[in-house]
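Down below is the structure, laid out as structure tokens.
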There are 4 protein chains.
Amino acid sequence: MPKVNKEHQELRRSQIIGATVKCIARKGFHQTSMQDIVAESRLSPGSIYTYFKSKEEIIKAVADRRLGNEKKIIADAFGSGDTSMALNRLVDTFFGQFTDEDVRTERSIGVQLWGEALCNPKVREIVQKGIEESRKSLTEILAAYQRRGKLSGDLSPDAVARVMLAQFQGFVLQIALDDRLDIDEYVKVVKHLISTGS
Amino acid sequence: MPKVNKEHQELRRSQIIGATVKCIARKGFHQTSMQDIVAESRLSPGSIYTYFKSKEEIIKAVADRRLGNEKKIIADAFGSGDTSMALNRLVDTFFGQFTDEDVRTERSIGVQLWGEALCNPKVREIVQKGIEESRKSLTEILAAYQRRGKLSGDLSPDAVARVMLAQFQGFVLQIALDDRLDIDEYVKVVKHLISTGS
Amino acid sequence: MPKVNKEHQELRRSQIIGATVKCIARKGFHQTSMQDIVAESRLSPGSIYTYFKSKEEIIKAVADRRLGNEKKIIADAFGSGDTSMALNRLVDTFFGQFTDEDVRTERSIGVQLWGEALCNPKVREIVQKGIEESRKSLTEILAAYQRRGKLSGDLSPDAVARVMLAQFQGFVLQIALDDRLDIDEYVKVVKHLISTGS
Amino acid sequence: MPKVNKEHQELRRSQIIGATVKCIARKGFHQTSMQDIVAESRLSPGSIYTYFKSKEEIIKAVADRRLGNEKKIIADAFGSGDTSMALNRLVDTFFGQFTDEDVRTERSIGVQLWGEALCNPKVREIVQKGIEESRKSLTEILAAYQRRGKLSGDLSPDAVARVMLAQFQGFVLQIALDDRLDIDEYVKVVKHLISTGS
DNA sequence: TATGAATGAGGGTTCATTCAT
DNA sequence: AATGAATGAACCCTCATTCAT
């Protein structure tokens, strides 16, 4: 019964990743020990090592989950409807998430992953991939905007995509460091810049 | 001879901080052991502990140096001359730095510090302070812009400052992850947004 | 299975304390390193730290064991039988032990504990408690002796108890420093003093 | 001028020993570091090593000083006058000291030396020598007492000397651990035992 | 598959001692 | 003779990982 086992395996992996995310949110990346994960997941060390080869594998899985959630947001924003409002829809979707406590928690782990990416090739690969995909989707939209004259012809769609992405990334950082940030005002500015992009 | 001692002390501290920065850039924050710093600085463990009470103190000093450099850049950009061109001057100064290899190294450590700040109160304080100061300077400039009609009256100068800051922070992250980023194109977009801010 | 675990735990703790006692007897208190205890106990450092939180905890446990043995001797001597011969029985029990090599070893650690007690509050508490209990038991007996006219009414039973205790303590020190001490002659003197106490 | 140098040397050695005694009284034997002695003596490490080969040499010197003071007390008590009252004079001299704070401090270091003696041959030699000399002096006196019929012929003067010594040693320990001990009552008991020694 | 006691390399730190000045 | 910065072996302890049950 490979299916049952697979399901069971995924359940356990998910349980472990969830416990790890909680620990990281609480204590930080490197301050989270295997014992912490053991305690949080209510599994034994031996059991955890049945599902993950090493602590690094768990971290990789955490990063993968982060990437997966990212993709879903982009898909949600772009997947349906006309392109003309895609940017505004993306902005609403993206910033809208941050009212959810869990999203904020996971996003703050994302900040830690950025640092980790710089010295951990496996994590780097995942983080880079996530950023690149977002950037490419944005670039596509912006190229369409440009064709419709909604974006100045002088600008490189790719560079604009990077700047917009930066507006998202910087926001993630700022809200992680100080959650009193006024999201609505921030969004207003971002949308203003979009509307005057031409 | 207090002067000689002080100078000597500063020299050694600087030597240790420099070695630590190199190690962190190479291996990351938590992967850098005292032995690494010992090897890189060509000092003995005992000697290092004459100048810093603990590993944490060294890390704090690294963060402090990061903050100090940040302040200098802002001071350079705002310190002299008229306000009307302050933003453009800041943008040139800020992005101009990144042609320097050492600045890039230090900036990538800055990214790691963001992650560290989330779970290390001492580091958090320093990082937050740095961001806050930058934001306040930006807000002042933007308020002046607004008074002169160069920024839409609908927007909160503070929120605009945050978004601009995000454009800097996101850039730091993106270039740390991929140094092939085309800086000039990025700057062009940022300046375009400044010029159409009204 | 709490019982099995408890038993196992006690076994290991006992093993570690035993090894530590051997090390201390051989090298002294502060000259005994964790590595010594590791080598003597044939456990790993990590394993030892499963059963004791720190080196200090082990030392405290050694002191506690010392105290426990002390209590047993006193209980054995006083526990049963009439009070009239209690002192003689105690003397026989106490000095009789010293033919046992292990007792001598442990007693010599007791001497080291005296010194440690003077600058280690945790150890001090244990040592003081041990001495106090012995003294109180002795005082009770001596008060009974006095009531029966077997001890001069001029003397304070508590002070006599202290002097008797000193005869025990000084003996412990002297035999630790020179095991050729003639125990029988010493006991003869102590008993003579008891018999002429009136 | 070898004499001047000798004097100077003795002065410095004395200064160092004094500083060490203070440190030991405050923090204990092994908790006293060379840096503590450096700070207390207001000398430099290098300077201290000019006068003592090692930390162990300083400890030996501390033990030697302890022994010297001991000898002086015994000499004072026995040196002059008739033998018949020697024991009472010794008892008065010995216990009389303990009203002096400094003596108590030094005596408590003596307790630490007992422990140290058990695992440090150099210290052991000094401590044993001190005890042995005291014992021999006592034995002589007691032999004289016995000849005069003031001590039961059944008892070995040496063993009686040991028991008396123990009364001194145990007292030193007890007062080090609890300085509220009533010295006068203790002395009364000791003198009572001397007077009924026959 | 699950357990959790055991492992031991490696972590940060201290401190007796040295030696160039 | 005096200095005090420098040394580095050795300290106590942690934690990712293993394996007998």
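Atoms considered below: every heavy atom in the structure, side chains included; atoms not considered: hydrogens, waters and symmetry mates. Because the structure is predicted, anything quoted here is derived from the model rather than measured.
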Nearest to side-chain heavy atoms of [X], which nucleotide of [options]:
{"X": "C:M34", "options": "E:dT3, F:dA6, F:dC12", "value": "F:dC12"}
{"X": "C:H8", "options": "E:dG12, E:dA5, E:dA16", "value": "E:dA5"}
{"X": "C:Q35", "options": "F:dG8, F:dA16, F:dC13", "value": "F:dC13"}
{"X": "B:Y51", "options": "F:dC12, F:dA6, E:dT1", "value": "F:dA6"}
{"X": "D:K55", "options": "E:dG11, E:dA6, E:dT17", "value": "E:dT17"}
{"X": "C:P45", "options": "E:dG12, F:dC13, F:dA6", "value": "F:dC13"}

Could you identify the nucleotide paired to F:dC12, looking across every strand shown and requiring Watson-Crick or G-U wobble geometry with both distances under 3.5 Å? E:dG11
Re F:dC19: Watson-Crick or G-U wobble partner, both distances kept under 3.5 Å, found to be E:dG4
Without hydrogens or angle criteria, can the side chains of B:Q9 and B:R12 be said to hold a donor-acceptor pair below 3.5 Å? no
Do C:D102 and C:T105 have side-chain atoms, one donor and one acceptor, less than 3.5 Å apart? no
Can you tell me how far [atom2] of [N] sits from [atom1] of [X], to the nearest Å?
{"X": "B:H30", "N": "F:dA16", "atom1": "NE2", "atom2": "P", "answer": "13 Å"}
{"X": "D:I48", "N": "F:dA1", "atom1": "CD1", "atom2": "P", "answer": "15 Å"}
{"X": "B:F52", "N": "E:dG12", "atom1": "CZ", "atom2": "C1'", "answer": "16 Å"}
{"X": "B:I37", "N": "E:dG10", "atom1": "CD1", "atom2": "P", "answer": "18 Å"}
{"X": "A:I16", "N": "E:dT3", "atom1": "CD1", "atom2": "P", "answer": "11 Å"}
{"X": "B:Q15", "N": "F:dA5", "atom1": "CD", "atom2": "P", "answer": "15 Å"}
{"X": "B:N5", "N": "F:dG4", "atom1": "CG", "atom2": "P", "answer": "8 Å"}
{"X": "C:Q9", "N": "E:dA6", "atom1": "CD", "atom2": "P", "answer": "10 Å"}

Answer yes or no: does a side-chain N or O of D:R12 lie under 4.0 Å from OP1 or OP2 of F:dA2? yes
Give a yes/no answer on whether the side chain of C:Y49 brings an N or O atom under 4.0 Å of OP1 or OP2 in F:dT14. no
Check whether any side-chain heavy atom of D:E116 lies under 4.5 Å from a side-chain heavy atom of D:F29, and answer yes or no. yes
Within a strict 4.5 Å, meaning less than it, do heavy atoms of the C:C119 and C:R124 side chains meet? no
Sugar-phosphate, base or nothing in reach of C:S47, heavy atoms under 4.0 Å: base
Whether C:E40 side chain and C:T20 backbone form a donor-acceptor pair below 3.5 Å: no
Has the side chain of C:K55 got a donor or acceptor atom that lies under 3.5 Å from a matching backbone atom of C:T32? yes
Could you pick out which residue, D:Q31 or C:T50, lies toward the 5' side of DNA chain E when each is mapped onto its nearest nucleotide? C:T50
Result for 5'-nearest mapping on DNA chain F, choosing between B:S44 and C:K53, is B:S44
